[in-house]
Amino acid sequence: MPHHRPTLPHRGDISRRNVLQGAVAVGVLGYGGTDPVSSAPIAVEQGGQTSNAKITYIGSRTSRVDGRDKVTGKAKYAGEFNAPNLAYASVVGSTIAKGRIASIDISEAMKIGGVITVLTHENRPAMADTDKAYKDDVAPEQGSPFRPLYDDKIMFCGQPIALVLAESSETARFAASLVRVGYEKVAHVTDIYSKRDDTFALEAPAKPRGDAAKALAASDVRHQGEYYVPIEHHNPMEPYASTVMWDGGGKLTIYDKTQGVQNVHRYVCAIFDLKPEDVRVVSPFVGGAFGSGLRPQYQIVLAVLGARALERSVRVVLTRQQMYSLGYRPAMIQRIELGANTDGTLNAIRHDAITVTSQYEDFYRHETIWSGLLYKAANAEYAHSLARLDLPTSGDMRGPSAATGVYALEAAMDELAVALKLDPLELRLRCYSERDQNTRLPYSSKNLRECYRQGAESFGWDKRSPEPRSMRDGSDLVGWGMATGIWEALQVPITVRIALTANGHAVVSCATSDIGTGTYTIMTQVAADMLGLPLESIDIRLGESTLPQSPVEGGSWIAASVSNGIVTTCKAVREELLRLAKELPNSPLATATPEDVIFSDGMIVSSKDATRAVSIENAMQHASVDRIEQEKTTLFENDGSYAHNTHSAIFAEVKVDEQLGVVRVTRIVSAVAAGRILNVKTAHSQIMGGMVWGIGMALHEETLIDHNFGRIMNANIAEYHVPVNADVHDIEVIFVDEQDEIVNPLGVKGLGEIGIVGVPAAIANAIYHATGKRVRDLPITLDKLQ
Ligand code: MOS
């Protein structure tokens, strides 16, 4: 690959926006007649008893409430729901990257016994013809979303161009191989490097400050480097799948692999002009998501097209190879310039990024935003531009913009530390910032300093010998590297309904998803504590479009949002219970206010005098109330006076075989500050998973395209490498205590993304320390170390 390094032109600026534009998009949803309440702080203290709640389960190591269902196979995924008379589908993908379909011959496929029909752009049922209909909640603002089987235009290799429907999936798949397509090809471009001088500028994520060019020139020490991250593809265990149940008269029940059932619901209703009440989207379990299920993917449209064409139930499951014809982490060329004084004061940061999108939509995140905000530096400047390639639109993958942007920043910081002859951790401490440097806002909480301290101590960082190639273990070179991680603590408007019955059982409902992160479990824990009930008395309903509204599960925002949403609704349930308890003859709580009571062991108890108590059962039975139901929306108004972020400090050890260049990541420690940890066990798994993914990003993951054909050459998990057991050694996760009374009542900041951020840089920096060789292009494969 040619790696020219021309200077990128400087771009304009606008004020900061959310990292995930989804956070903006979801802010305009309606709330279906529920009663929005602001989430006024409730006194909830960790590990103790307050006037409002006795904390038994929140913060505990509660095992997954859905764990048994998952390991026994009872938990069903989108492609596992069955219907009588189900038809099976197979997708035919384009073999060219750009052009048009000149002819499409389905006659041979139709001759196969068991084939019902083959849908193409020529014979498909009607679908919407406006971009608006195809714009899902998290679609890019600019562009025309992809329309499967819409017309003869080919925009990327692997584009779905026909759908074979048959009585079995094997028949459908075989017949799909018999669909004959003639193309008119047009020249395509799939290489970001051949487009690097032909990009278009985006608004910069934050205002420049000071004069970066001047400050760089005046700095004692400068570092400049170009960092590359390749295209990476999602490989969740569960493939993209949709089972569409034909309920009769055009009514549909759709089982879909998605991070947002209501997003899919609106999308399907708009494309097929269906009444909202005629469509139900269900997704009780998701087998891996992390961005892959944020936008409705094309298989859902194909499955609905099939069901409407046949007037029967249809299932579409993509093959592993076809998973590579959808959204991916965009390839990224980043240039970073840093200027410092010999004492380690950072004077200037310059960060330019070129990322990849399709010809038809402008997908981007703010890759450069993190560089400006993380460290104290008086001068900063950013530029971001997009290269249009003949590929599908890029998309979100765990830690979108941060996994990539912070990789470049933190590798560059390591290089600056080397130039300054300063310990890399010491450099971070010298430019530690108590404020978001972009917005100048103080943090609602930031315990990164403690992450550095605890992470370094556990790792043994003080025993590091600074010189590269100075540490050995037999024939292995040993390297120690570190990096900082950062993510935004986002929260979204969410509605929670709770129905409590007189037998002390509560059903908690919200249309959010559990993408495997433990949402069912934390929801159970929070509701149990807030209502003073055991875990077994709480049932969670989620992943269904008819439930109270929730935005997509993404951006690490759901744990904070739904847990505080439960607090809000529980407050209303408790007030109602107290009102009933006060009606008892000679009620021991006659004068109690909601602030005076705690809910514990099925009882409403005075916090002033524990002998004054009424059982929930008693209060409800006496009033002849067998059910209390409350539904509340929590809005998380941000008054703009604080920045909300999560942080981590990562320390990695690598051992590199000196002769072969084989790298093993033998130890990684990540110390994370993310506010209150709702469940130490599931949170640990989240962070550990992110760290493993970070190993993949540093050493393994890379989508390889043959640019002559514009076709992905390693579209399978044999050749697209991800870390396996043998690649993962010691992983230690430390949760640093971080109390945040500002961000939301529970002080929760979210954990989904932060686990990966910084890990690739810590590993890359460790490899430099081991070998003395700086590889800036990911993944760091052994050939690059020769
Ligand atoms: Mo996350 S990449 O917003 O699922």
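Order of listing sets the numbers, starting from 1, for every ligand and every atom in it.
Residues H384 and T368 have side chains that never bring a donor and an acceptor to within less than 3.5 angstrom of each other. Side chain to side chain, K749 and S445 meet the donor-acceptor criterion of an N or O pair below 3.5 Å.
A ring-ring contact (aromatic ring centres under 6.0 Å, His included) with H647 holds for exactly one of W370, Y443, F735; it is Y443.
Distances from ligand 1 to the non-hydrogen atoms of A289 include no value under 4.0 Å.
Here's the thing with G555: one of its N/O atoms is less than 3.5 angstrom from an N/O atom of ligand 1. Considering both main-chain and side-chain atoms, G554 never comes within under 3.5 Å of ligand 1 through any nitrogen or oxygen pair. Looking at E553 next to ligand 1, no N or O pair under 3.5 Å apart turns up.
The part of E753 lying near ligand 1 is the side chain, judged by heavy-atom distances below 4.0 Å. Of the heavy atoms in Q259, only side-chain atoms (C-beta onward) come closer than 4.0 Å to ligand 1.
Checked for salt-bridge contact, K76 and D69 miss the test: no charged N lies under 4.0 Å from a carboxylate O.
Checked against ring pair (Phe, Tyr, Trp, His ring centres under 6.0 Å), F285 has the following partners two or more places apart in sequence or in another chain: Y520.
Close approach of ligand 1 to R398 is summarised as follows: ligand atoms under 4.0 Å from at least one heavy atom of the residue are 2 (S).
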